[in-house]
Enquirer: 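To start, I am sharing the structure in question, which I have written as structure tokens.
This one's a predicted model, so the numbers in the text were calculated from it and none came from an experiment.
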Amino acid sequence: MKNQEDKFKKVISHAKEYGYIFQSSEIYDGLSAVYDYAQNGVELKKNIREYWWKAMVQMNENIVGLDAAIFMHPTTWKASGHVDAFNDPLIDNKDSKKRYRADVLIEDYAEKLNIKAKKEITKAAKRFGDAFNEKEFISTNPRVIKYFSKRDEVLKRMAKSLENEDLADVKDLIVELEIVCPVSGSKNWTDVKQFNLMFGTKLGASADSAMDLYLRPETAQGIFVNFSNVQKTGRMKIPFGIAQTGKAFRNEIVARQFIFRMREFEQMEMQFFVRPGEEIKWYEYWKEKRLKWHLSLGLGKDNYRFHDHDKLAHYANAAADIEFNFPFGFKELEGIHSRTDFDLKAHEEHSGKKLQFFDHELNKNYVPYVVETSIGLDRMFLAIFSTSLQNETLEDGSERTVLKLPSVLAPTKAAILPLVKKDGLPEIARKIIDDLKYDFNVAYDEKDAIGRRYRRQDAVGTPFCITVDHETKNNDTVTIRFRDTMKQERVKISELNNLISQEVSIRNWFDKI
Ligand code: GAP
């Protein structure tokens, strides 16, 4: 646990030190759970967004994009259920005065049972070696059975109480499990209360005529209200999808964990409209497709897992999260929801307009069903950044900090470094930059010894360092150093563009899908 905390602190300080993420309005002591993306962060974020957009929109003939406004007619949020049901169950500890999400306290308790069971399994695997039969061990070892069944029982009871809006039972569960406040260590809890997460604002100048608005808490509704516009003008046929990226706002009460849970964040969502009755087939399809997209980035298969929901949102008939192994454990990265016809029907009812599709093959009109994929761009950023940040001990015993970002996403693809600041080497380096900059973000650095410059580029995540030395003047060759292996090769200047293109081309990365 201590290790995890240290690793997470390192991620946060590295993100600041190397110009990725700053606290918002830091000179005024910051604003809680709001962050700014700095010179490198904005590039990484843009590249992640593009990696998603190309996979979803450019690579699929039947998916188109949209950029709906953040402000929407207030009835949108009545129809979507956000006014009545977009609440978190909150509980306060009377001693520390800290506020928590009651469901998260219980989920953390269940995760601890999970970890205990996993430890028993790992211990036994070591003890029995090749003879170990994991399945048999899980089904017969009394301690593992006890941990897993207690975990399932706790999560089931919580899901049922939340579904029945039985907040008293959620509190009883916290008391029965003897969950303590992580800050005060006490069990002195208030009752559990619901709290709406939408930010309100006003449209219009005068107090009498101003209209109450909300900042959108998800981008999805902008897609639903435009369903017919896009379907008709794009002559789209079911099944088809509409994708959009953009800001969303939630008044998160328990906003900790850096950019994992923010009050202003960005979503990348796609709503896929299908025939009623075919939604589960498409739900399975998108679950698999989205996981493959994640795996293409090479962050490690073991860092992902599916979590199928026991407690379904009011609009869903199937739902799963892709969870990622963040520095603080496995948590939701992306949601895949089969949302039925809930949203389109609700907007039909509240607007009085038809949101239907005439299916020529079936010769009938219907309200399409929807399968949604929804991922937080900032969470994806954190997943990539925290996994890429590594400390290595080298052969000579020295240490290096390296940010092994997937090269396709790295903010700067190459740094061009003259070995010395004289003898015409800087001029050659500038010429190389002038050629490469049309295709890639490249940087120039001539300060300090070459070894220190390599380390600086390692820490900022630049995949290639190109060094211009005296030999360059004789034969137009440079060395290219690869960040991850630190291997160096001598190549012709004229080959650089092609070499970098191969390594960072989206086509080559998508081919891994
Ligand atoms: N339209 C469905 C929807 O909004 P959600 O599970 O509430 O579903 C989708 O959010 C994704 O948005 C999450 O999987 C997460 O990655 C991201 N997300 C949600 N709340 C967030 C927050 N406060 N800060 C950062 N990312 C958030």
Side-chain angles (χ1 to χ4, degrees), residues 4 7-8 10-11 14-15 18 20 40-41 43-56 58-59 259-260 268 286-307 321-334 336 373 375-394 400-415 440-441 457-465 480-487 489 498-513:
Q4 278 191 341
K7 162 95 197 191
F8 192 34
K10 188 132 202 268
V11 166
H14 196 88
Y18 286 90
Y20 277 88
N40 289 315
E43 296 288 344
L44 175 56
K45 198 175 173 201
K46 183 191 75 192
N47 293 344
I48 299 171
R49 194 187 294 113
E50 186 174 284
Y51 197 72
W52 181 87
W53 188 266
K54 289 203 166 162
M56 301 302 273
Q58 193 167 319
M59 302 296 287
I259 56 169
F260 180 81
M268 307 192 286
W286 281 109
K287 261 177 85 173
E288 191 191 326
K289 189 117 172 146
R290 291 301 304 144
L291 183 64
K292 283 191 174 158
W293 179 85
H294 285 284
L295 295 180
S296 73
L297 286 170
L299 301 181
K301 201 164 181 269
D302 292 346
N303 280 326
Y304 301 88
R305 71 182 187 197
F306 277 116
H307 165 72
D321 296 335
I322 296 177
E323 293 187 337
F324 186 79
N325 191 10
F326 287 98
F328 35 83
F330 274 96
K331 297 271 178 212
E332 175 184 345
L333 171 61
E334 170 158 8
I336 295 128
T373 72
I375 176 170
L377 175 48
D378 314 85
R379 272 191 203 179
M380 189 64 197
F381 187 112
L382 182 59
I384 293 166
F385 192 87
S386 57
T387 311
S388 301
L389 185 61
Q390 295 175 19
N391 237 356
E392 286 182 349
T393 307
L394 306 179
R400 76 159 179 160
T401 299
V402 52
L403 190 61
K404 292 187 170 175
L405 296 172
S407 58
V408 65
L409 303 179
T412 303
K413 302 303 184 205
F440 317 105
N441 259 348
Q457 294 302 331
D458 286 347
V460 83
T462 309
F464 311 106
C465 282
I480 180 161
R481 174 186 179 271
F482 297 84
R483 177 197 63 199
D484 297 351
T485 58
M486 296 193 296
K487 291 231 164 75
E489 276 174 28
N498 196 20
L499 208 154
I500 300 171
S501 292
Q502 287 299 317
E503 297 277 346
V504 305
S505 105
I506 280 198
R507 173 190 286 253
N508 290 345
W509 285 80
F510 280 172
D511 273 354
K512 297 179 202 157
I513 297 182

Enquirer: Would you please name every residue forming a side-chain contact (heavy atoms from CB on, under 4.5 Å) with Gln58, sequence neighbours left out?
Expert: Lys54
Enquirer: Can you measure from NZ (Lys331) to CZ (Phe326) and round to the nearest 0.5 angstrom?
Expert: 10.0 Å
Enquirer: To check you understand the geometry: which heavy-atom pair defines the closest contact between Pro406 and Leu299, and what is its length?
Expert: CG-CD2, 4.4 Å
Enquirer: How close do Leu389 and Thr401 get, heavy atom to heavy atom, and via which atoms?
Expert: CD1-CG2, 3.8 Å
Enquirer: Evaluate the criterion ring-ring contact (aromatic ring centres under 6.0 Å, His included) for residue pair Tyr304 and Phe324; output intermediate values, then yes/no.
Expert: CA-CA 5 Å; Tyr304 301 88; Phe324 186 79; 5.1 Å; yes
Enquirer: Given 3.5 Å as the limit, does a donor-acceptor pair link the side chain of His14 with the main chain of Ala459, or not?
Expert: yes
Enquirer: Please list, chain by chain and in numerical order, all residues satisfying side-chain hydrogen bond (donor to acceptor under 3.5 Å, both in side chains) with Glu43, sequence neighbours excluded.
Expert: Lys46, Asn441
Enquirer: Heavy-atom distance under 4.5 Å between the side chains of Pro411 and Leu405, does that happen here?
Expert: yes
Enquirer: Looking only at atom types and distance, does a side-chain atom of Asn325 sit under 3.5 Å from a main-chain N or O of Asp302, one as donor and one as acceptor?
Expert: no
Enquirer: Could you tell me which residues satisfy side-chain hydrogen bond (donor to acceptor under 3.5 Å, both in side chains) with Lys413, sequence neighbours excluded, listed by chain and number?
Expert: none
Enquirer: Give me the ring orientation class for Phe482 and Phe464: parallel if the planes are under 30° apart, tilted from 30 to 60°, perpendicular past 60°.
Expert: perpendicular
Enquirer: Compare all side-chain heavy atoms of Thr462 with those of Arg483 and state whether any distance is below 4.5 angstrom.
Expert: no
Enquirer: Quick one: side chains of residues 375-384, donor-acceptor pairs under 3.5 Å with protein atoms, not counting sequence neighbours, listed by atom name and distance.
Expert:
unit_1, atom_1, unit_2, atom_2, d
Asp378, OD1, Glu266, N, 2.8
Asp378, OD2, Tyr37, OH, 2.6
Arg379, NE, Phe260, O, 2.8
Arg379, NH1, Glu332, O, 2.9
Arg379, NH2, Phe260, O, 3.2

Enquirer: Angle class for the Phe328/Phe8 ring planes (parallel below 30°, perpendicular above 60°, tilted otherwise)?
Expert: perpendicular
Enquirer: Within 45° of the axis and under 6.0 Å from the centre of the six-membered ring of Trp52, does NZ or CZ of Arg49 qualify?
Expert: no
Enquirer: Among residues at least two apart in sequence or on other chains, which ones pass side-chain hydrogen bond (donor to acceptor under 3.5 Å, both in side chains) with Ser386?
Expert: none
Enquirer: So, the side chain of Ser407 versus the backbone of Glu503: is there a donor-acceptor pair under 3.5 Å, distance only?
Expert: yes
Enquirer: So, using side-chain hydrogen bond (donor to acceptor under 3.5 Å, both in side chains) as the criterion, who are the partners of His294 when residues are at least two apart?
Expert: Glu334
Enquirer: Would you mind reporting whether Leu297 and Tyr51 have side-chain heavy atoms less than 4.5 Å apart?
Expert: yes
